[in-house]
Amino acid sequence: MVGVIKIFQRLRYMKRMGLTHVDTRHEIHKIERHQDLEHYKDIIYQCGKCGTCRTVYQDADWAAVCPSGEFRKFESYYLGGKNLLTWGLTSGKLKWTEHLASIFYSCTVCMACLQQCQIPEIHTYAVEWLMAMREEAVKQGYGPMPEQKLYTEHTMVENNPYMEKHGDRLNWLPSHIKQTPDAKTAYYVGCTSSYREQNVAVATAEILNSLQVDFRIHPNESCCGSPVYMTGQTEKAKKIAEENVKMFKDAGIEKIITSCAGCYRTWKDTYPNKFGLNHGIEVKHLPEFLLDKLKNGELNFSKEFNMKITYHDPCHIGRHMGIYKPPRQVLEKIPGLELLEMKRNRHNAWCCGSGGGVRSAFKDLSAFAANERIEEAKETTAEAIVSCCPFCLNQFKANIKNNEIQALDLSEIVKQII
Amino acid sequence: MIDSKIIVELENVVGKKYVSDQPEIQFLYHYDFVTAEPEGICDISIMPNSAEEVQEIVKLANKHKIPVVPWVSGINFGSIATPRKGGIVVDLRRLNRVLEVNEDDMYAVIEGGTTWADLQGYLEKNHPGLRAGITWSPPGTGIVPSCLCYGMFDLGMLGGSGAEFINGLEVVLGSGDLVKVGSCSLSNYWYGRQPLPDLAGLFIGWEGSTGIVTKAAIKLWPKMPFREDFAALGLTIDKGVPVMLKLSKAGLGICDLVIVNFGWGSSVQELNEKNIAKDAKEANMPDFVGLITTQAYTEKQHEAQCEAIKEICKEGNLRVLSAQEGAEVITPPPMQLWGCWNFSRGGGGQWVGTYCSTRDIVKFYNLAREICLKHEKIPQFYSRILFGGHYVVARTNINFNKNNPEEIKTTRALLKEIHEEVQQLGGVVMYKPPKWAVQTYKNRTLPATTELIEKIKKLLDPNNIMNPGQGIGDD
Amino acid sequence: MNNNEIVSELENIVGEQFVSDKPEETFLYHYDFITAEPEGKCDIVIMPKTAEEVQEIVKIANKFKIPLVPWVSGINFGSTATPLKGGIVVDLRRLNRVLEVNEDDMYALIEGGTTWAGLQAYLGKNHPNLMAGVTFSPPGTGVVASCLCYGMFNLGMLGGTGAEFINGLEVVLGSGDLVRVGSCSLSDYWYGRQPLPDLAGLFIGWEGSTGIVTKAAIKLWPKLPFRKDFVLMGNTFDMGIPVLLKLSKAGLGICDIFVFSYNWIQAAIGAYEKKVPLNPLKDNLPVFISGVTTQAYTEKQHEAQCEAIETISKEGGLTEAPQGISLDILPYQAWGAWNFSRGGGGEWIGSYCSTREIIKYYKLARETALKHGHTSQFYSRLLFGGHYCVSRFNINFNKNDPEEIESARIILKEIHEEVSSLDGVVMYKAPKWAHEVYEEKIYPATYELMKKIKNLLDPNKVMNPGHGWGD
Amino acid sequence: MAKKKRVSYIRGKGVSKLRLAYENHEVERHQNIEHYKDIVYQCGKCGTCRTVYKDAYWSRICPSGEFGQFEAYFLGGKNLLSWAVTSDKLKWSEDLAKIFYHCSVCLACTQQCQIPEIHHYAGEWLMAMREEAVRLGFGPMPEQARYTEHINKEHNPYMEKHEDRTNWLPSHIKQSPDAKIAYFVGCTTSYREQNVAIATAEILNSLQIEFKILKDERCCGSPVYMTGQAEKAKKIAEENVKMFKDEGIEKIITSCAGCYRTLKETYPKKFGLDHGIEVIHMPKFLLDMVNSGELKFNKEINMKITYHDPCHIGRHMGIYEPPRKVLNKIPGIELVEMDRNRHNAWCCGSGGGVRSAFKDLSTFAADERIEEAKGTSAEAIVSCCPFCLNQFKTHIKDNEIKAFDIAELARKAI
């Protein structure tokens with residue numbers, strides 16, 4: 001009898017709802033990551049295209065979760081479809097085409113779909129073949145998408161995907177920011193903050209100053225390679241990564257603080273785990289860093305910030321890295337601030353629609369995703385949508401109409417109340 | 001072969017974005033990826049956004065005499081949405097709006113492609129006092145097809161099979177005509193199928209071979225303030241079933257009664273079939289798990305009902321665990337059943353799922369179990385008691401590795417063997433049956449009834465374009 | 001038409017004793033003696049004993065192209081079994097056996113002519129723990145006919161309209177073919193209409209115009225150990241209806257909920273319309289009188305349910321009837337419905353409608369009746385856990401007085417017109433004149449489909465012509 | 001709300017009985033068919049008359065209808081046929097007459113009907129229709145005409161000689177020539193069920209009742225009256241009353257239910273013969289004696305029996321309890337009831353001229369009652385009507401059950 005109870009133990013009961021939650025047992029279904037398609041063939045075909053990947057199945061509102069699928073509607077654009085197209089390809093039932101590639105690129109790789117799937121290997125690892133398919137597309141000459149190719153070429157020359165000059169990268173830096181020339185800590189600004197959301201860079205630098213952290217900004221800071229890597233151009237991205245690691249090692253950097261979710265994931269996860277670059281540099285995302293400071297008492301919020309806000313989980317720190325709590329914990333410590341949750345939050349958060357090369361290659365899909373998220377944020381009655389990823393921030397700002405809601409980065413708020 | 005002119009005509013109906021004949025899009029409509037039943041061909045897929053568009057599509061299909069396959073999720077264990085004879089798959093994904101919820105008459109008017117997720121989400125947000133059923137199928141399955149195909153959900157004790165939840169339909173017939181059946185045919189209320197002639201049956205149980213349902217009203221039920229879910233454990237199915245049947249007739253506020261066996265219970269975990277005992281008996285594990293959900297309006301009523309349920313279980317020598325008392329019990333849906341098709345770590349699953357008399361549950365199980373064990377498969381069984389105990393669904397699942405043609409073949413043989421065995425019990429009939437099962441029923445059905453079915457089919461779909469090769473009225 | 005030839009062919013089928021073209025026998029089939037709706041003509045009446053005999057009869061009717069009217073009791077307020085175009089009345093009185101009761105799946109397999117009395121008698125003797133419904137209609141009305149025409153009974157809260165109690169049918173089509181629909185079409189079990197195509201609807205709501213049902217399985221329900229029947233009274237319908245609707249959704253083991261107007265009760269107990277208050281509201285009498293039946297498995301559950309019912313009704317301002325006064329729960333003979341004005345005539349506007357419309361329905365009908373000097377005889381029953389309801393308003397008249405018949409019919413039509421202004425109010429067992437109204441309102445393609453179905457099942461239009469749909 | 005008190009409720013069953021408001025609906029009796037025209041047409045042929053509606057088993061109740069099947073043979077049909085002839089929608093015919101004669105006038109149908117006037121008075125037009133049939137030459141049935149002729153000559157319908165009437169009388173029976181009390185034996189008892197006559201006479205002797213049997217006792221006229229020949233029956237009645245008066249009779253005890261009803265009810269109410277003679281039916285007489293202590297049952301009769309209510313004292317006269325009470329006083333007797341009893345009793349099928357004119361119907365009715373009696377597991381079916389008794393004896397096969405008159409049992413128990 002005890003055995004049976006144990007078997008059923010994994011199903012959690014939500015009071016009065018009759019809802020259950022299946023805890024998947026990662027450990028018994030571990031598979032190797034970052035392999036090529038052939039490797040995943042059988043695992044993929046566990047998929048029955050049942051459609052669970054489309055919905056926040058275990059949550060109260062059973063909301064849609066996949067921007068790509070909801071926008072294009074055809075099954076091909078959901079995870080189930082992509083799984084089976086992958087299988088179709090590896091089984092010789094389908095051939096590579098431009099259209100097939102475009103399906104795989106019509107995706108922000110936000111991974112919300114994975115979170116819903118109840119088949120353990122797919123739940124945990126589907127992103128592996130989503131990326132492997134992009135890599136394969138590149139190999140076959142079907143990827144990346146033209147716009148992505150364009151920014152990649154630019155990145156290889158000017159170290160940013162924004163068609164800006166490398167020489168203008170530090171234009172945002174005001175004179176009052178105090179850097180420590182031989183600091184072992186670097187503030188890694190990232191392309192978006194350097195060129196587009198400079199407020200974030202300024203705020204972050206000011207916060208670091210006010211906390212009297214010894215830091216510096218690498219004068220030759222370059223793109224981390226994320227936009228290149230995420231579009232399947234692994235070889236190119238690896239080259240960028242190697243150069244970056246060398247540059248920071250040479251500069252004696254031991255710790256990187258970044259305000260960018262994409263840079264964070266790339267440095268912390270992609271460099272070592274995908275590219276095998278065990279750089280040994282500690283990588284901290286700003287909210288995490290702030291939380292540490294709050295905990296050890298070095299940081300205190302003395303001023304009030306009276307605003308109702310909602311927090312948007314950036315995919316690159318949320319589902320990609322599992323960081324959901326720290327930004328919220330920081331926000332909750334701010335006096336006067338009222339944090340409201342959107343229906344879809346944490347691992348079920350709806351993507352802002354900018355990542356994975358989508359914003360440059362599929363503007364309609366990107367705008368569709370952003371608008372849905374903005375509407376959802378508005379429904380909470382929050383005055384501002386707060387994130388901790390400059391790419392999300394920029395996306396929201398670009399898509400919010402008539403100032404119906406504000407968009408802020410976490411750093412911008414913190415800056416005001418220190 | 002499909003004329004490319006048709007694509008243009010179809011694009012004129014729904015816009016370019018929602019028509020496709022690209023292989024990367026069509027591939028996913030070729031067959032049911034859970035069962036790995038033989039594949040068909042989807043030549044064109046199209047996503048209409050209104051009943052009028054559906055009508056236009058069906059008219060075009062009639063004009064060109066090409067098949068039309070209605071589709072929502074396209075997965076089901078009978079592979080009945082597989083386009084056997086090519087043609088146009090009408091994917092109803094965009095027809096997924098919840099148009100109205102009538103709290104007084106407790107129904108939801110939904111479009112033909114509305115999924116359980118769509119409705120569930122809508123209700124949670126806007127009508128938290130009402131419940132739609134929750135199925136064991138994935139959230140993306142369609143409500144309307146599920147009801148039309150006698151699927152069932154966790155309100156089955158109150159209202160019967162899904163078909164019995166249908167209050168009315170709006171349908172585009174195979175002929176292209178759009179009809180409404182039920183009270184909606186002459187009013188804005190969709191309160192029921194009465195009192196005009198009840199034409200809903202022309203679309204219920206037909207597997208999409210008579211028309212495409214564009215709207216339906218589905219009964220909802222009130223959510224009561226008190227609820228409890230029990231698991232009752234017993235050594236054998238023989239022991240447990242009579243207790244469940246007794247409960248079904250005791251009117252204890254029970255809205256759902258389910259029986260699952262050890263194999264099934266194990267499969268919904270992420271366990272691998274190969275790593276666990278083949279048979280509960282052998283492992284000295286309880287084979288019987290009954291799941292009981294009761295609702296009540298007042299606390300005292302709730303207590304009384306819970307007490308009586310426990311008492312009846314205890315009298316029947318079952319061990320009862322309640323959800324409130326401990327978290328260590330299985331609870332009602334949503335429960336994702338990937339285990340059903342991933343238990344043998346191959347992502348393939350198929351069932352013999354049947355309606356039958358309450359008298360035959362135990363016999364059904366024992367017959368199926370023996371065959372499974374003979375073929376060294378873990379018997380995976382569940383049964384749901386419906387409509388106050390008036391009838392039941394019994395189901396045996398078999399898993400296989402979908403990538404292994406050999407295993408697919410042996411599984412299919414095994415399924416047919418089970419199906420054949422359980423036929424010795426009168427009245428055991430598969431729902432959502434695959435074509436091979438349909439054929440056996442056709443042979444057994446009173447010839448005049450079969451003839452009538454064929455005539456109706458012909459009447460509603462004169463050019464035989466609706467989901468050809470599926471359903472019972474087809475040649 | 002040469003009756004003799006047909007009669008002798010018919011006699012060959014069922015024997016001389018059970019065929020008649022004598023006026024003394026056929027007279028009683030000419031029309032519905034309650035409504036005094038226009039009469040038809042029964043040329044020949046026949047009483048088959050088996051489905052095979054029914055088949056033979058239908059074949060003969062097709063051969064001679066003469067109408068056939070299936071008949072059990074032949075009374076209903078829509079006069080739907082009146083042979084408007086002459087022909088053969090097939091009286092199913094001898095097809096009245098209870099063939100099987102399946103206690104496990106809880107259904108009774110009965111023949112097409114089985115009456116409520118026949119079924120009750122059988123269950124009372126052989127299966128005392130199971131309940132069939134009990135209707136407000138006389139005991140001699142047919143179970144199958146009643147279910148096929150959306151009649152309803154005192155298990156309505158559990159199972160809906162009579163139609164929803166049908167598990168399967170054996171039918172002789174208008175064409176003479178014998179079909180079975182439901183699980184019985186391929187097994188000996190009649191447990192349900194699933195899982196093959198559900199063809200039962202080809203015969204439900206058609207008023208016998210598509211075929212003659214020779215067998216049917218009807219759902220039964222368990223009789224639980226504890227039961228209470230509440231009589232809850234209130235001053236007005238505005239007050240009472242919301243309470244009943246609330247109860248209908250509270251799942252308190254309730255198997256029946258209905259409401260009567262004060263005058264209905266008076267009619268039912270044999271009072272004389274002219275001697276009772278026309279408008280009891282004015283005399284401060286409780287106009288709203290309802291019945292609620294609850295069942296339970298244990299005493300504690302029973303107590304809890306009763307308490308909750310009491311609380312809800314008290315909160316809603318209803319009072320329980322004083323001790324000693326308990327409203328009759330079924331069986332309940334409603335002769336008052338047609339004898340209230342001491343003339344033995346009654347007709348109704350009985351409709352299905354949204355639960356939203358009950359009060360409005362009552363008020364509209366009431367005003368019309370009062371205007372014409374009639375009392376308000378109203379009842380409504382909530383069905384299937386509160387998902388829909390039936391509302392009904394009766395008008396009585398002296399059947400022997402043609403003028404009164406005429407004026408009653410005018411009032412009825414006026415009431416019908418009034419209540420039809422409420423969306424979704426549709427008569428069941430509707431007389432021909434009401435059909436005509438619906439035929440105009442109904443979605444045209446749906447009506448076309450009905451005609452096609454009718455034509456498919458009854459190609460020679462021999463089945464109950466002048467009634468049903470698509471005729 | 002006082003009106004609702006008429007409604008009673010059976011706990012736990014949800015089954016109810018509707019008590020009728022008799023007083024409100026009084027109708028003149030013994031009128032011609034024209035008189036009842038409107039009342040008859042209150043009938044909607046709803047079919048309630050076919051079923052013991054308010055009882056648990058919802059049994060069928062009308063022998064004529066169940067046998068004839070067509071609606072015409074049930075009360076509803078007869079009501080509407082009556083209306084039809086009075087409204088010129090139908091003409092009198094042999095077939096019409098036959099339908100009305102195809103009925104034992106047991107009145108079980110009327111008990112079921114819920115329309116007050118029909119409930120109480122349907123017997124009136126059933127009889128009025130027979131009278132009308134006779135008037136128009138369509139009635140009575142040939143067999144009935146034959147026995148009527150015989151009665152007019154030999155004063156009994158059994159084709160026996162009048163002079164043989166007292167052949168049953170054993171010598172030990174003691175009569176008192178001047179007695180003011182007469183034991184009215186009746187034709188059936190005199191010629192067919194002579195045991196009943198003997199037992200009755202012996203009981204009277206043992207109770208030391210001074211009585212006599214009329215030397216010239218004749219048929220009471222019931223078979224003539226019941227077949228619609230009111231004029232002829234009235235003549236018989238007048239002769240009988242004259243004879244009673246001439247003999248100085250003040251009280252009549254009879255063991256026959258039919259004679260009882262005729263003498264007590266039909267003579268004064270229908271024929272206007274207010275004879276002033278007390279008429280008492282044997283069971284009632286026995287009950288009085290038991291109650292007053294004059295009669296004691298000393299012997300045990302160990303037998304399970306069931307009691308059959310004769311229509312002529314039951315529904316026709318409202319006597320249901322006295323026979324049961326007497327039976328219950330007999331030591332050893334276990335009385336079990338049939339499903340259909342008292343006002344819902346199924347007729348034995350002999351009355352109303354049916355046994356002579358419609359043998360098949362008569363047999364059908366008897367067989368159904370015998371089966372019902374057997375269903376109770378009783379050893380005997382007991383009645384207090386020699387006509388019922390004779391009917392049962394004729395139809396019981398292989399002695400599956402016995403049939404007794406209450407007098408026979410009482411005699412044994414004394």
Side-chain angles (χ1 to χ4, degrees), chain B residues 104-106 150 161 163 177-181 183 185-189 191-192 194-201 204-206 219 221-222 224 249-253 295 297-298 300-301 304-305 308 355 357-359 388-391 426-427 429 431 441 444-446 448-449 452-453 455 459 472, chain C residues 104-106 150 161 163 177-181 183 185-189 191-192 194-201 204-206 219 221-222 224 249-253 295 297-298 300-301 304-305 308 352 354-356 385-388 423-424 426 428 438 441-443 445-446 449-450 452 456 469:
Chain B
D104 298 304
D105 298 331
M106 297 186 292
Y150 300 112
S161 80
D177 290 339
L178 182 128
V179 301
K180 294 178 172 187
V181 303
S183 63
S185 68
L186 75 175
S187 90
N188 292 313
Y189 283 117
Y191 59 72
Q194 67 286 4
L196 299 186
D198 179 9
L199 302 179
I204 292 171
W206 289 87
K219 283 190 190 72
W221 287 83
M224 299 281 158
K249 289 163 188 171
L252 293 163
Q295 288 200 122
Y297 188 75
T298 67
K300 183 173 171 187
Q301 183 195 14
Q305 288 175 174
Y355 277 86
S357 164
T358 58
R359 286 178 184 165
H390 282 92
Y391 27 78
V429 188
Y431 66 110
Y441 298 133
R444 276 165 55 199
T445 304
L446 198 66
T449 302
L452 178 58
I453 288 172
K455 280 186 196 159
L459 179 77
I472 197 167
Chain C
D104 298 305
D105 298 332
M106 296 187 293
Y150 299 113
T161 75
D177 290 340
L178 182 131
V179 301
R180 282 183 173 193
V181 302
S183 62
S185 69
L186 75 173
S187 90
D188 293 331
Y189 282 117
Y191 59 73
Q194 66 285 10
L196 297 187
D198 178 10
L199 302 180
I204 291 171
W206 287 89
K219 284 189 190 73
W221 287 83
L224 300 184
K249 290 163 189 170
L252 294 163
Q295 284 204 121
Y297 187 76
T298 67
K300 182 173 170 187
Q301 183 196 15
Q305 289 174 351
Y352 277 88
S354 165
T355 58
R356 288 178 184 165
H387 282 91
Y388 27 78
D423 191 26
V426 188
Y428 66 110
Y438 300 133
K441 273 171 85 176
I442 199 167
Y443 197 74
T446 302
L449 178 57
M450 286 179 190
K452 284 184 196 159
L456 178 77
W469 300 87

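As a basis for the values below, the full set of heavy atoms in this structure was taken, side chains included, without hydrogen atoms, waters or symmetry mates. Chain naming here is simple, since letters A, B, ... match the order of the sequence lines and numbering starts at 1 in each. Note that the coordinates shown come from a computational prediction; the quantities given were computed from them, not determined experimentally.
- Interface check for chain B: of the options C/Pro195, C/Ala304, C/Ser187, the most heavy-atom pairs under 4.5 Å are formed by C/Pro195.
- At distances below 3.5 Å, at least one donor-acceptor pair connects side-chain atoms of C/Trp206 with backbone N or O atoms of C/Gly201.
- For C/Leu224, the part lying under 4.5 angstrom from a heavy atom of chain B is the side chain only.
- Interface summary for chain C: among B/Ala200, B/Ala308, B/Ala448, B/Ser357, the most heavy-atom pairs under 4.5 angstrom belong to B/Ser357.
- If you tally non-hydrogen atom pairs under 4.5 Å between each of C/Leu456, C/Thr298, C/Thr161 and chain B, the highest count goes to C/Leu456.
- Ranked by heavy-atom pairs under 4.5 Å with chain B, the first of C/Tyr428, C/Trp469, C/Tyr438, C/Tyr443 is C/Tyr443.
- Rounding to the nearest 0.5 angstrom, the gap separating the CH2 atom in C/Trp221 from the CD atom in C/Gln295 is 10.0 Å.
- Between B/Tyr150 and B/Ser161, the shortest heavy-atom distance links the atoms CD2-OG, 3.7 Å.
- With a threshold of 4.5 angstrom between heavy atoms, C/Pro197 approaches chain B through its backbone and through its side chain.
- One finds the CG atom of C/Leu252 at 7.0 Å from the CE atom of B/Met224 (value rounded to the nearest 0.5 Å).
- Contact annotation for C/Ala250: both backbone and side-chain heavy atoms come within less than 4.5 Å of a heavy atom of chain B.
- The contact between B/Leu459 and chain C is made entirely by side chain atoms (from C-beta outward), counting heavy-atom distances below 4.5 Å.
- For the options B/Arg359, B/Lys180, B/Gln295, heavy-atom pairs under 4.5 Å to chain C are most numerous at B/Arg359.
- No hydrogens or angles considered: a donor-acceptor pair under 3.5 Å links the side chains of C/Ser354 and B/Asp105.
- Using a 4.5 Å cut-off between heavy atoms, C/Tyr189 touches chain B through its side chain atoms alone.
- Closest heavy-atom contact between C/Met106 and B/Gly388: CE-O, 3.0 Å.
- Contact annotation for C/Tyr191: both backbone and side-chain heavy atoms come within less than 4.5 Å of a heavy atom of chain B.
- Chosen from C/Leu199, C/Asp188, C/Val181, the residue pairing most often with chain B at heavy-atom distances under 4.5 Å is C/Leu199.
- Contact annotation for C/Asp423: both backbone and side-chain heavy atoms come within less than 4.5 Å of a heavy atom of chain B.
- With B/Thr449 contributing its side chain and C/Arg180 its backbone, the two residues share a donor-acceptor pair below 3.5 Å.
- Of the two parts of B/Tyr191, the backbone and the side chain both hold a non-hydrogen atom closer than 4.5 Å to a non-hydrogen atom of chain C.
- Contacts between B/Ser183 and chain C at a heavy-atom distance below 4.5 Å are absent for every atom of the residue.
- Proximity to chain C (any heavy atom under 4.5 Å) is shown, for B/Leu196, by both the backbone and the side chain.
- Rounding to the nearest 0.5 Å gives a distance of 8.5 Å between NE2 of B/His390 and NZ of B/Lys249.
- If you measure heavy-atom distances from C/Ser183 to chain B, you find no contacts under 4.5 Å at all.
- The minimum heavy-atom distance linking B/Gln301 with C/Gln305 is given by the pair NE2-NE2, 3.4 Å.
- When all heavy atoms of C/Ala445 and B/Val179 are compared, the pair lying nearest together is O-CG1, 3.5 Å.
- Closest approach of B/Tyr297 to C/Ala308, counting heavy atoms only: CD2-CB, 4.3 Å.
- Each of C/Ala163, C/Ser185, C/Pro222, C/Gly253 has some count of heavy-atom pairs under 4.5 Å with chain B, and the biggest count is that of C/Ser185.
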